[in-house]
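Basis for what follows: all heavy atoms, side chains included, without hydrogens, waters or symmetry-related copies. The sequence lines fix the lettering, A, B, ..., with proteins before strands; numbering per chain opens at 1. Computed from a predicted structure; not experimentally measured.
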Amino acid sequence: MPVRNRDIANAFETLADLLEIGDANPFRVRAYRNAASTVRDQSRPIRDMLAAGEDLTELPNIGDDLAGQIERFVETGHLARLDAATDKLPAGLTALLDINGIGPKRAHALYEGLGVTSVDELAAAARDQRVRALSGFGEKAEQRILHEIERQARHSPARTLLADAEEMAESLLDWIRQRAGVDKAAIAGSYRRRRETVGDLDVVVTASDPAAVSRAVTRYEDVGEVISSGETRTTLRLRGGLQVDIRVVPARAYGAAMHYFTGSRDHNIALRRRAQGHGWKLNEYGLFKDDQIIAGDTEESVYEAFSLPWIPPELRENRGEIEAAEEDALPTLIEVAEIRGNLHTHTTATDGKADLEEMAEAARDRGWRYLGISDHSRAVRVANGLDADRLARQIDEIDALNERLDDLVILKSCEVDILRDGSLDLPDSILERLDYVMGAMHGQLGLERRAQTERILEAMDHPLMRIIAHPTGRLIGRRGPVALDLDRIFEAAARNRIALEINAQPKRLDLDDQNARAARDAGVMLVIGTDAHSPAQLDFMRHGVDQARRAWLSGSDVLNTRPLNQLRDWLARGRSADG
DNA sequence: GCCGTTTTCGGCCCGACTGTTTTCAGTCG
């Protein structure tokens with residue numbers, strides 16, 4: 001099996017865990033974690049970069065030593081340092097670190113003192129009351145360990161889709177805002193950065209009496225468990241399993257706290273390094289010079305102290321946003337209000353829940369000027385995909401409906417399946433009658449990389465192809481992306497003027513943020529499509545816009561911000577205009 | 001193990017909460 005970026009990142013993470021349990025130099029441990037994060041952050045496979053002769057030490061956090069380790073890992077499939085580490089300590093110990101309350105020191109103590117090498121063995125030891133005998137542990141620690149192991153067995157600690165977290169988050173926020181003495185309350189963290197999933201919710205509150213608010217939140221109706229509760233910080237678990245951290249800070253620290261808890265961790269560290277360079281200190285209470293506060297009541301004040309403009313939360317991943325801010329080169333990010341239409345929707349003709357007219361009505365309600373109907377083609381049998389005759393009838397229906405509509409235009413399309421050999425599921429004779437053809441893959445998702453890439457490239461060579469929907473086919477948390485050489489896909493999309501979709505379904509968000517950014521940088525036009533199967537799902541547009549913002553996109557990078565006439569021009573231009 | 005507006009050596013982000021301590025280590029975010 002070829003070594004993927006996540007294999008490298010996972011190996012470095014495991015090695016870091018084992019080194020930490022073995023009480024290695026903490027900065028060396030961090031170096032491996034930082035390197036893992038860098039590798040995970042690459043939109044291109046490391047093995048492609050090596051094959052192209054690129055120098056890995058150009059990447060942040062990768063020096064000569066790690067570059068060499070990665071190179072040998074890719075060549076041999078083995079990370080020698082990890083093999084050496086697992087000779088000293090059982091690899092199963094790293095699983096103990098996933099238990100809340102157990103870190104490297106306790107994992108080491110459990111191994112040395114009780115010979116524990118797995119979560120199961122730890123559970124047995126705790127049930128036998130052998131854990132409490134260890135120095136540094138007590139009865140409470142032992143009970144907490146058992147409690148956490150049982151909770152994890154019931155509820156996997158998987159991250160929650162942002163869209164699923166929203167309802168819980170907004171209800172909690174409303175409730176907190178109504179507590180006595182609360183001034184401001186907002187959700188920070190990855191939720192505010194609009195990441196596709198959240199691990200927990202970070203709530204920042206300002207109040208005249210912080211301790212009173214900290215006590216009050218433990219009585220929120222949806223609390224399943226109070227994990228900890230102090231004067232300024234409370235950690236809860238909601239009944240649904242989602243963890244919530246609530247920090248109450250003074251009003252003068254609101255901006256600093258929002259900045260601090262919005263993160264990302266890497267963005268914060270980068271900014272704190274800058275503070276150190278000036279001899280300042282940056283924390284959740286403000287920016288300090290010799291214990292004198294110089295900024296912190298607003299986020300703007302914090303950035304301003306560094307002579308930087310405010311950076312939108314979606315960009316705060318330490319992926320060049322601080323450097324861009326420094327050069328006054330931050331993008332003007334796309335906004336929902338710029339969206340003029342939607343090019344990916346379904347109706348009851350296939351697996352949608354609403355008919356043509358209902359979808360049109362719902363699109364008009366959202367202020368859109370055009371709506372693309374793109375039902376499935378026949379290969380998607382479970383969705384009752386259209387054959388040429390049924391699609392022809394839908395085309396006639398749309399023509400008739402357009403006669404009656406004056407403020408919305410229905411565009412004729414089809415989400416036509418790209419078959420295994422790259423050919424399309426419907427004949428050109430019917431596809432020619434559409435306003436645009438959108439291609440997608442729904443089957444044979446397990447092909448190896450070369451075949452999968454050739455398949456989609458073949459479809460992109462079809463002269464009618466205009467958009468590729470959900471290009472990688474991933475389902476967040478359930479199914480990884482298909483194996484594709486995205487560099488070649490992007491190159492072909494730019495050359496053939498085919499738009500790639502950011503699918504706005506919360507479980508897809510495909511292309512993802514980094515790939516969408518790489519596509520744009522390669523000269524590709526993006527389109528945000530809701531893939532709506534009901535009128536309500538048209539509101540998924542904002543999730544797609546969130547992802548586009550994380551991809552550094554402006555309105556001009558997204559096809560469906562264009563007025564109808566310009567959209568038609570773009571769709572009609574095709575490859576013929578190239579020559 | 002990485003890195004350089006203080007540096008090629010000597011730094012490396014920082015504060016809150018808990019439980020086990022008898023003044024603080026460990027963990028977390």
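With B/dC14, B/dA16, B/dT27 as the candidates, the nucleotide lying closest to the side chain of A/Arg233 is B/dA16. The side chain of A/Asn100 lies closest to B/dC28, out of B/dT18, B/dG19, B/dC28. Side-chain proximity of A/Gln276 to B/dG19, B/dC14, B/dG29: nearest is B/dC14. If you check B/dC12, B/dC2, B/dT27 against the side chain of A/Leu66, the one that comes closest is B/dC2. For A/Tyr285, taking side-chain heavy atoms from C-beta onward, the closest of the listed nucleotides B/dG26, B/dG1, B/dA16 is B/dA16. Listed nucleotides B/dG19, B/dC28, B/dC2 differ in distance to A/Asp65; the shortest reach to its side chain belongs to B/dC2. You'll find that the side chain of A/Ala141 is closest to B/dT20, out of B/dC12, B/dG15, B/dT20. Comparing atom distances between the A/Arg106 side chain and each of B/dC2, B/dT27, B/dT18 picks out B/dT27 as nearest.
Within the 4.5 Å cutoff, the side chain of A/Arg237 has heavy atoms near those of the A/Arg151 side chain.
At the heavy-atom level, A/Ser229 lies under 4.0 Å from the strands shown only through sugar-phosphate atoms. Within the 4.0 angstrom heavy-atom criterion, no nucleotide atom of any strand lies near A/Arg132. At a threshold of 4.0 angstrom between heavy atoms, the contacts of A/Asp202 are confined to the sugar-phosphate backbone, with no base atom among them. Residue A/Gln143 is out of contact with every strand shown, counting any heavy-atom pair closer than 4.0 Å.
Regarding A/Phe137, its CZ atom lies at a distance of 11 Å from the C1' atom of B/dT27, rounded to whole Å. Between the CG atom of A/Asn34 and the P atom of B/dC2 there is a distance of 10 Å, rounded to whole Å.
Between A/Arg28 and B/dC12 there is no side-chain polar atom (N or O) within less than 4.0 angstrom of OP1 or OP2. Between A/Gln243 and B/dG29, a side-chain N or O to OP1/OP2 separation shorter than 4.0 Å is present. Regarding contacts with the backbone of B/dC17, a side-chain N or O of A/Thr232 is found under 4.0 angstrom from either OP1 or OP2. Within the 4.0 Å cut-off from OP1 or OP2 of B/dG15, at least one side-chain nitrogen or oxygen of A/Asn283 is found. Side-chain nitrogen and oxygen atoms of A/Tyr260 include none within less than 4.0 Å of the OP1 or OP2 phosphate oxygen of B/dA16.
B/dA16 and B/dG11 are spaced 25 Å apart, taking the P atom of each and rounding to whole Å.
Annotation: side-chain contact (heavy atoms from CB on, under 4.5 Å) contacts of A/Ala212 (sequence neighbours excluded): A/Asp209, A/Arg215. Under the side-chain contact (heavy atoms from CB on, under 4.5 Å) criterion, A/Glu231 pairs with A/Ala211, not counting sequence neighbours.
Proximity of a side-chain donor or acceptor of A/Arg316 to a complementary backbone N or O of A/Ile311 within less than 3.5 Å is detected. Counting only distance, with no hydrogens or angles, the side chain of A/Ser264 and the backbone of A/His267 share a donor-acceptor pair below 3.5 Å.
Across all strands shown, B/dT8 forms no Watson-Crick or G-U wobble pair with both key distances under 3.5 Å.
Judged by distance alone, with hydrogens and angles left aside, A/Asn25 brings a side-chain donor or acceptor within reach of the base of B/dG1, the pair sitting under 3.5 Å.
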